Amino acid sequence: MSSEKKTAAETPEPAQPVRRNFIREIIEDDLKTNRFEGRVHTRFPPEPNGYLHIGHAKSICLNFGMAKDYKGLCNLRFDDTNPSKEEQEYVDSIEQDVRWLGFDWENRLFYASDYFDQLHDYAVQLITKGKAYVCDLNADQVREHRGTLTQPGKDSPYRNRPVEENLDLFRRMREGEFPDGTRTLRAKIDMASPNLNLRDPVMYRILRATHHRTGDKWCIYPMYDWAHGQSDSLEQITHSICTLEFEDHRPLYDWFVEQLGIYHPRQIEFARLNLTYTVMSKRKLLQLVEEKHVTGWDDPRMPTISGLRRRGYTPESLRMFADRIGVSKSESTVDVATLEDCLRDDLNKRAARVMAVLNPVKLVIENYPDDVVEELEAVNNPEDPSKGSRKVPFSKVLYIEQDDFRENPPKKYFRLSPGNEVRLRYAYIIKCVGVVKDEKTGEIVELRCTYDPDTKSGSPQSARKVKGTIHWVSANHALDAEVRLYDRLFRVENPEGDNWKGLMNPEAFKLLPHCKLEPTLAIAKKQDRFQFERLGYFCVDDDSAPGRLVFNRTVTLRDTWAKIEKS
RNA sequence: UGGGGUGUAGCCAAGUGGUAAGGCAGCGGCCUUUGGAGCCGCCAUUCCCAGGUUCGAAUCCUGGCACCCCAGCCA
């Protein structure tokens with residue numbers, strides 16, 4: 001975004017007509033009433049305790065997207081207040097993922113830990129005002145005093161310590177005089193509040209853990225509620241967008257900034273994303289990784305951004321998805337078909353078409369000369385003529401897909417069967433005249449066909465129509481490749497309950513070690529994406545190397561035949 | 001049975017007192033040298049339920065019901 005363009009007074013109307021949502025309404029209202037001097041400044045605040053998933057992508061698109069649409073800014077801030085769970089590996093992956101998604105925080109990369117000193121000073125201020133106290137209760141005792149959902153809590157016996165004593169104790173907490181968990185600093189609010197977050201919430205706990213950025217400087221660490229709002233305030237955030245479960249925390253968020261008398265951002269909550277056939281909680285994703293149910297955070301079956309990237313999803317398709325599903329406050333589970341459609345929509349326009357045979361069966365054209373190789377013209381992308389065409393070698397011996405031949409074809413089967421004709425894409429119409437089987441297993445090992453030389457694609461006499469067109473590769477020219485077929489991680493829409501791991505889809509990964517590809521693919525580079533005609537979209541996997549090609553299936557094409565056959 | 005939220009089609013989601021957008025899925029059809037793509041059509045007499053206000057209610061009022069979140073020194 002260029003920095004020169006902001007005429008402060010003009011209404012920062014979104015450039016394109018965009019989908020309305022309640023957050024835009026709030027922002028536009030705040031702009032109208034000049035609540036934040038016409039500024040819009042958001043932030044994406046991940047905790048670096050795991051890899052980002054597609055639910056985070058929704059939040060990233062929302063936060064960066066709102067900032068962009070209203071000519072504002074969006075910060076990246078790591079919420080790193082719990083060193084026992086956070087690691088540098090995670091911050092690195094998060095930065096990479098946000099960037100890959102297409103967003104830029106420019107020079108505004110922050111950490112809650114940047115504010116540890118300031119937060120400490122703020123805490124001293126609250127103590128001095130009599131609004132916070134050091135509590136000697138241990139965790140169990142604090143719980144006992146908290147009361148229940150229906151019963152008020154009891155005041156801590158340490159609640160009314162003199163300010164001087166609190167100041168002294170807090171200093172000694174910070175200096176490491178007390179063991180972990182023996183004391184906390186608590187806000188003095190209301191132990192009888194119906195909102196449990198207001199029953200004297202803990203602000204600091206004693207925790208001896210090495211922080212990935214501050215090392216061993218601190219042995220007390222701020223809690224989320226104490227750190228988050230103040231960080232927002234320090235960064236002059238206008239709209240602090242978070243998920244629904246923090247709605248109950250908003251009174252506390254507001255209470256802290258008001259007691260401190262500092263700049264007051266506005267917290268807005270929206271519903272987190274759920275997707276069918278997968279799990280989204282960080283806890284469960286971590287478990288899948290640690291227990292080796294998947295190969296890692298970037299396993300192509302994972303709903304993580306790195307998994308989707310490796311699977312072959314594009315940033316564009318993920319942004320399109322975020323846009324399509326919208327933002328609201330009602331709990332929702334989006335059909336994964338919506339995601340898949342976004343990918344197809346994007347790649348249909350961009351991905352080069354190519355022919356690949358995943359489950360090959362040999363096909364011999366009996367009346368085709370033994371030693372001839374024709375170079376046939378094939379269109380690279382019918383949706384985009386500017387992508388031109390390429391030459392594909394054709395010869396007497398080919399491979400076709402096992403699925404494209406049926407000895408006993410069902411009704412409406414348009415592909416090859418004994419005595420039937422089919423077009424070989426970009427080549428000739430052929431007829432099946434024989435089937436060679438393995439004597440022992442009965443398995444079909446070879447199809448014998450004849451071709452009609454008058455039907456060459458593009459030739460004037462090629463107008464003859466047949467019902468089906470199938471893809472093929474020339475056996476002598478084919479490249480060998482490994483193809484990894486991926487599908488939904490779980491067998492059921494909503495994998496819940498204690499047995500959720502038992503609901504995993506054993507078919508989510510299938511290895512095809514010997515697929516046959518047209519020779520064009522020899523130059524495919526990592527992350528290149530293609531449409532394998534009639535099959536789906538595929539990308540070159542990170543494991544791929546020259547001479548050892550590895551492709552991942554990102555998503556299949558829509559398959560009308562599969563539907564017909566099912567019914 | 002405390003507090004905070006949410007209920008519009010199979011799944012998302014607009015709608016802000018004037019007569020139910022859009023997308024996904026599904027279903028028909030056209031077209032097609034990808035059973036792809038594209039195109040056309042269908043898909044809520046009704047908005048959780050019941051009353052009420054109004055000429056007029058998904059929108060306002062009253063009373064119910066259902067579901068989600070909160071009792072970490074996690075975020």
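To find a chain, count down the sequence lines: A is the first, B the second, and so on, and within it residues start at 1. Just so it is clear, the structure is predicted and the values come from calculations on it, not from any experiment.
In this pair, F538(A) and F532(A) present their aromatic rings parallel. The plane angle is below 30°, not in the 30 to 60° band.
Judged as a salt bridge (charged side-chain N to carboxylate O under 4.0 Å, His left out), and not counting sequence neighbours, D248(A) has no contacts. In terms of the side-chain contact (heavy atoms from CB on, under 4.5 Å) criterion, residue partners of P152(A) (sequence neighbours excluded) are, by chain and number, A192(A). Contacts of E47(A) classified as salt bridge (charged side-chain N to carboxylate O under 4.0 Å, His left out), with partners at least two apart in sequence or in another chain: none. Not counting sequence neighbours, the partners of N21(A) by the side-chain contact (heavy atoms from CB on, under 4.5 Å) test are I23(A), R24(A), M66(A), V327(A). In terms of the side-chain contact (heavy atoms from CB on, under 4.5 Å) criterion, residue partners of R406(A) (sequence neighbours excluded) are, by chain and number, P409(A), P410(A), Y413(A), E565(A).
In this structure, L244(A) places its CG atom 10 Å from P of rG7(B), rounding to the nearest Å. Taking atom CG of residue N274(A) and atom P of nucleotide rC69(B), one finds them 11 Å apart after rounding to whole Å. Protein atom CD of Q531(A) is 11 Å distant from nucleotide atom P of rG36(B), rounded to whole Å. Rounded to whole angstrom, the span from the CZ atom of R272(A) across to the P atom of rC68(B) amounts to 15 Å. As a whole-Å value, the separation of D341(A) CG from rG10(B) P is 20 Å. Rounded to a whole Å, the CD atom of E247(A) is 15 Å from the P atom of rG3(B). Between the CG atom of D345(A) and the P atom of rG36(B) there is a distance of 16 Å, rounded to whole Å. Taking atom CZ on F532(A) and atom P on rU34(B), their separation rounds to 19 Å, with Å as the unit.
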Verdict with reasoning, W472(A) to F394(A), per ring-ring contact (aromatic ring centres under 6.0 Å, His included): CA-CA 9 Å; W472(A) 51 272; F394(A) 180 84; 5.2 Å; yes

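Side-chain atoms of R77(A) do not come within 3.5 Å of backbone N or O of F44(A) as any donor-acceptor pair.
Summarising the base pairing, rA71(B) is matched to no nucleotide, lacking a Watson-Crick or G-U wobble pair whose two defining distances lie under 3.5 Å. Pairing partner, rC42(B): rG26(B), with both Watson-Crick or wobble hydrogen-bond distances short of 3.5 Å.
Note on K349(A): nothing from the nucleic acid sits closer than 4.0 angstrom, heavy atoms only. The residue Q151(A) sits apart from the nucleic acid: no heavy atom pair falls under 4.0 Å. Across all strands, G458(A) comes closer than 4.0 Å to base atoms (heavy-atom distances). Looking at heavy-atom distances under 4.0 Å, F78(A) makes no contact with the nucleic acid at all.
Contact annotation: R415(A) side-chain N/O to rG35(B) OP1/OP2 distance is not under 4.0 Å. OP1 or OP2 of rU33(B) lies within a sub-4.0 Å distance of a side-chain N or O belonging to K465(A).
Donor-acceptor pairing under 3.5 Å, judged by distance alone, is present between the side chain of R423(A) and the base of rU33(B).
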Would you tabulate the pairs of protein nitrogen or oxygen atoms and nucleotide nitrogen or oxygen atoms of nucleotides 70-75 of chain B closer than 3.5 angstrom?
residue: rA71(B); atom: O3'; partner: R146(A); partner atom: NH2; Å: 3.4
residue: rA71(B); atom: O2'; partner: R146(A); partner atom: NE; Å: 3.2
residue: rG72(B); atom: OP2; partner: R143(A); partner atom: NE; Å: 3.3
residue: rG72(B); atom: OP2; partner: R146(A); partner atom: NH2; Å: 3.1
residue: rC73(B); atom: OP1; partner: R146(A); partner atom: NH2; Å: 3.3
residue: rC73(B); atom: OP2; partner: R146(A); partner atom: NH1; Å: 3.1
residue: rC73(B); atom: N3; partner: G181(A); partner atom: O; Å: 3.1
residue: rC73(B); atom: N4; partner: L137(A); partner atom: O; Å: 2.8
residue: rC73(B); atom: N4; partner: A139(A); partner atom: N; Å: 3.0
residue: rC73(B); atom: N4; partner: G181(A); partner atom: O; Å: 2.8
residue: rC74(B); atom: OP2; partner: R205(A); partner atom: NE; Å: 3.0
residue: rC74(B); atom: OP2; partner: R205(A); partner atom: NH2; Å: 2.9
residue: rC74(B); atom: O3'; partner: R205(A); partner atom: NH2; Å: 3.3
residue: rC74(B); atom: O2'; partner: N82(A); partner atom: ND2; Å: 3.0
residue: rA75(B); atom: OP1; partner: T81(A); partner atom: OG1; Å: 2.6
residue: rA75(B); atom: OP1; partner: R205(A); partner atom: NH1; Å: 3.3
residue: rA75(B); atom: OP1; partner: R205(A); partner atom: NH2; Å: 3.0
residue: rA75(B); atom: OP2; partner: Y224(A); partner atom: N; Å: 2.9
residue: rA75(B); atom: O3'; partner: D79(A); partner atom: OD2; Å: 3.4
residue: rA75(B); atom: N6; partner: H249(A); partner atom: NE2; Å: 3.4

Heavy-atom protein contacts under 4.0 Å, nucleotides 11-22 of chain B, coded B base, S sugar-phosphate only, - none: SSSSSB-----B

Please list every donor-acceptor pair under 3.5 Å in which a side-chain atom of residues 330-339 of chain A meets a protein atom from a residue at least two apart or in another chain.
residue: S330(A); atom: OG; partner: S328(A); partner atom: OG; Å: 3.3
residue: D335(A); atom: OD1; partner: A337(A); partner atom: N; Å: 3.0
residue: T338(A); atom: OG1; partner: D335(A); partner atom: O; Å: 3.2

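For residues 266-277 of chain A, the pairs satisfying salt bridge (Lys or Arg N to Asp or Glu O under 4.0 Å) are D30(A)-R266(A), E245(A)-R272(A), R250(A)-E269(A), E269(A)-K329(A), with sequence neighbours left out.
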